Amino acid sequence: MGRFKNNKKSRVAVKPIAKKNQPNVDHVTGDKIPKSFVFSRMKLPGPVKQLQMDLRKLMLPYTALSLKEKKRNTLRDFLNVSGPMGVTHFLMLSKTASALSLRVARTPQGPTLTFKIHQYSLASDIAQSQLRPRCPQDLFKSPPLIVLSGFGSQELHLKLATIMFQNIFPSIDINTVKLSTCQRLVLLNYNKDTKMIDFRHYSIRLQPVGVSRRIRKFVQNHQVPDLRNLQDVSDFVTKAGYGSESEGDEEAATVTLSSDLGRVNKSSTKSAVKLQEIGPRMTMQLVKVEEGLCSGGIIFSEYENVDGKKGDKKQDEDEEDEEDGDGEEEGGSEEEGSEDGMDEDHED
C-alpha cells in the first residue's frame, strides 16, 4: 500500500553560522565575509568522516561546525538555506570504490572544482607524530591566512583554482590587521611536474629572540619556578634549558613586530616565527572544473582526449555512482535529531 509523502520533510532548519560578536561584512573589500558548508555527498567511512570534521574545524569560525546531514537532504536543500545564511562556498567530500574526491564550489551558480585526494592524514595523526603537539583553545577563533605557491601559471583551470582559494577565506589588510588574529596558516603548493597540490594547515607562534626558554615560560605562565636544585637565582637565568635556546633565531625566520603581542613579544623587537603543523594534510589533484554548481559545461578535465571527449570511462562511472548515492546513503550514520531536515547546532 502506498503512502503520501510529507512535503515538510524537505525543509531545512539551520541556525546562523556566525556568532553575535562576529562581523558579517569584510572591512577590506566591503563584501560579505565568506562562509562555508562542509558536508558529504554520500555515506562516508569512519576515517573520511573524521577528515570531514577536520575540514570543518579548519574552516572555523565562519562555518557550520555541527552541521547534521540527513539521508533525505539533497544538494538543493543545502543551496536553499545558503542564501539566507550568507554561505558562499560548499566543500563536499565523496568516496567511491576507486577514489576519494573533494569538490569546492561557489554558490549559488558555481564554478565547481573537483579534486582527487591521493593521500591524506588526519589532525589526530599529525598530533600523534609530534613530541609537543600544540592546539590552544583560542586557535580557531580567527580564520586562517592563505598562502598559494606555484599557481602562477597562465592556464585557466589554475587561475580559477587560485581565485577560488583566495576568496574562500576573508581578505586581510596588512596595514590594519591585528597580529593576535594571525594564528593559523593554510598552505597550498602546486607542483607543475606531478600536477599535485600539497595541502597543509599550520599554527603560527612567535618567540622573542635572545630570551631563554625558562624566562619565556616564566613570563607567560606566571608560575613560581622550581629552584630546589639551584644554588642561586642567577642559575635559573643563565642555565640552559632543555633543547636549543636559540632555536628559530635565524635572521630569515625573524620579524620586527609593529605592536605588542602577548606578554613577551613586544613592539619594535625581533621575534622568531614558527610554524607547527596541526592538520589535516592532503595531497590532491585538480581533475575537473565545471561552470555551474556540480553541473554545467566542463571548463577543464584531466581525463580529456585530444578530440575533446572524456577518455576516462572509469571516472564517469565513479561520478554516476556518487550521484546515485545521494538521497539513499547520505547521512545514514546520523541518528540524532529529527529526520525532517538537517540542523546545525551552533556553539556559543
Side-chain angles (χ1 to χ4, degrees), residues 36 38-42 44-45 47-52 54-55 58-59 89-106 110-123 125-126 146-169 185-202 277 279-306 308-323 325:
S36 63
V38 182
F39 55 94
S40 62
R41 301 294 288 129
M42 58 176 60
L44 301 177
V48 183
K49 194 71 175 179
Q50 185 58 48
L51 176 63
Q52 176 180 284
D54 288 346
L55 288 175
L58 181 147
M59 299 300 296
H89 293 83
F90 287 167
L91 281 77
M92 299 165 283
L93 278 169
S94 60
K95 179 71 172 68
T96 64
S98 60
L100 173 63
S101 301
L102 172 66
R103 290 183 181 181
V104 182
R106 174 82 181 191
T112 303
L113 280 64
T114 302
F115 299 89
K116 181 179 180 181
I117 301 177
H118 291 266
Q119 296 177 334
Y120 71 91
S121 296
L122 303 176
D125 298 330
I126 301 298
I146 180 76
V147 176
L148 303 177
S149 176
F151 286 84
S153 173
Q154 298 299 318
E155 297 181 78
L156 179 59
H157 63 285
L158 292 181
K159 288 184 177 180
L160 289 174
T162 301
I163 296 173
M164 181 71 75
F165 285 119
Q166 285 178 339
N167 294 331
I168 205 170
F169 297 109
L185 183 144
V186 172
L187 172 65
L188 288 94
N189 180 63
Y190 177 73
N191 189 322
K192 64 180 180 180
D193 297 327
T194 62
K195 298 183 180 180
M196 297 293 177
I197 300 174
D198 293 323
F199 185 101
R200 300 291 186 269
H201 184 209
Y202 299 94
E277 189 173 2
R281 175 194 299 182
M282 294 185 292
T283 300
M284 55 189 186
Q285 180 183 10
L286 179 60
V287 295
K288 187 169 66 172
V289 179
E290 298 169 276
E291 291 181 350
L293 184 63
C294 300
S295 62
I298 297 179
I299 300 176
F300 165 79
S301 176
E302 185 66 27
Y303 308 101
E304 185 176 357
N305 286 332
V306 179
K309 297 181 180 180
K310 287 186 178 180
D312 196 316
K313 184 178 180 180
K314 188 172 183 59
Q315 177 74 8
D316 294 339
E317 293 175 352
D318 289 343
E319 292 175 358
E320 291 176 0
D321 293 341
E322 176 183 331
E323 295 301 328

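Only heavy atoms go into these numbers, but all of them, side chains included; no hydrogens, no water, no symmetry mates. All of these numbers come straight from a predicted model, not from anything done at the bench.
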Measure across [X] and [Y] and return the closest heavy-atom pair with its distance rounded to 0.1 Å.
X    : Y    : result
A123 : D54  : N-OD2, 3.0 Å
L286 : T114 : CD1-O, 3.5 Å
S36  : L91  : CB-CD1, 4.3 Å

* Asked: How about P280 and L58: do any of their side-chain heavy atoms sit closer than 4.5 Å?
  -> yes

* Is there a side-chain contact between L93 and L55 (heavy atoms, below 4.5 Å)? -> yes

Gap separating the [atom1] atom of [X] from the [atom2] atom of [Y], nearest 0.5 angstrom:
X    : Y    : atom1 : atom2 : result
M282 : H201 : CE    : NE2   : 11.0 Å
K49  : L51  : NZ    : CG    : 11.5 Å
L113 : M284 : CG    : CE    : 9.5 Å
T112 : I298 : OG1   : CD1   : 11.0 Å
R281 : S121 : CZ    : OG    : 5.0 Å
S153 : L158 : OG    : CG    : 5.0 Å

* Does a donor on one side chain sit under 3.5 Å from an acceptor on the other, for H118 and Q285? -> yes

* Check for a donor-acceptor pair, side chain of D125 on one end and backbone N or O of L122 on the other, with a separation under 3.5 Å. => yes

* Donor-acceptor pair, side chain of S149 and main chain of N189, under 3.5 angstrom -> no

* To do: Could you tell me which residues satisfy salt bridge (charged side-chain N to carboxylate O under 4.0 Å, His left out) with K195, sequence neighbours excluded, listed by chain and number?
  => E302

* side chain to side chain contact (heavy atoms under 4.5 Å, CB included) between I117 and T283, intermediate numbers included -> CA-CA 6 Å; I117 301 177; T283 300; over 6 Å; no

* Which one of K95, M92, Q52 satisfies the side chain to side chain contact (heavy atoms under 4.5 Å, CB included) criterion with S40? -> Q52

* Can you sort out the partners of Q166 under side chain to side chain contact (heavy atoms under 4.5 Å, CB included), two or more places apart, ordered by chain and number? => L148, T162

* Selection residues 147-169 - residue pairs positive for salt bridge (Lys or Arg N to Asp or Glu O under 4.0 Å), sequence neighbours left out -> none

* Take L156 and I299 through the side chain to side chain contact (heavy atoms under 4.5 Å, CB included) test and state the conclusion after the steps. => CA-CA 8 Å; L156 179 59; I299 300 176; 3.6 Å; yes

* **Partners passing side chain to side chain donor-acceptor pair (under 3.5 Å) against R106 (at least two apart in sequence or in another chain)** => none

* ring-ring contact (aromatic ring centres under 6.0 Å, His included) partners of Y190, counting only residues at least two apart -> F151

* To do: For F199, check ring-ring contact (aromatic ring centres under 6.0 Å, His included) against everything at least two apart and list the hits.
  => none

* side chain to side chain contact (heavy atoms under 4.5 Å, CB included) assessment of M164 paired with H89 -> CA-CA 9 Å; M164 181 71 75; H89 293 83; 3.6 Å; yes

* Asked: L188 and D198: side chain to side chain contact (heavy atoms under 4.5 Å, CB included), yes or no, with the steps?
  -> CA-CA 6 Å; L188 288 94; D198 293 323; over 6 Å; no

* Would F115 and Y120 satisfy ring-ring contact (aromatic ring centres under 6.0 Å, His included), going step by step from the backbone distance to the final call? -> CA-CA 13 Å; F115 299 89; Y120 71 91; over 10 Å; no

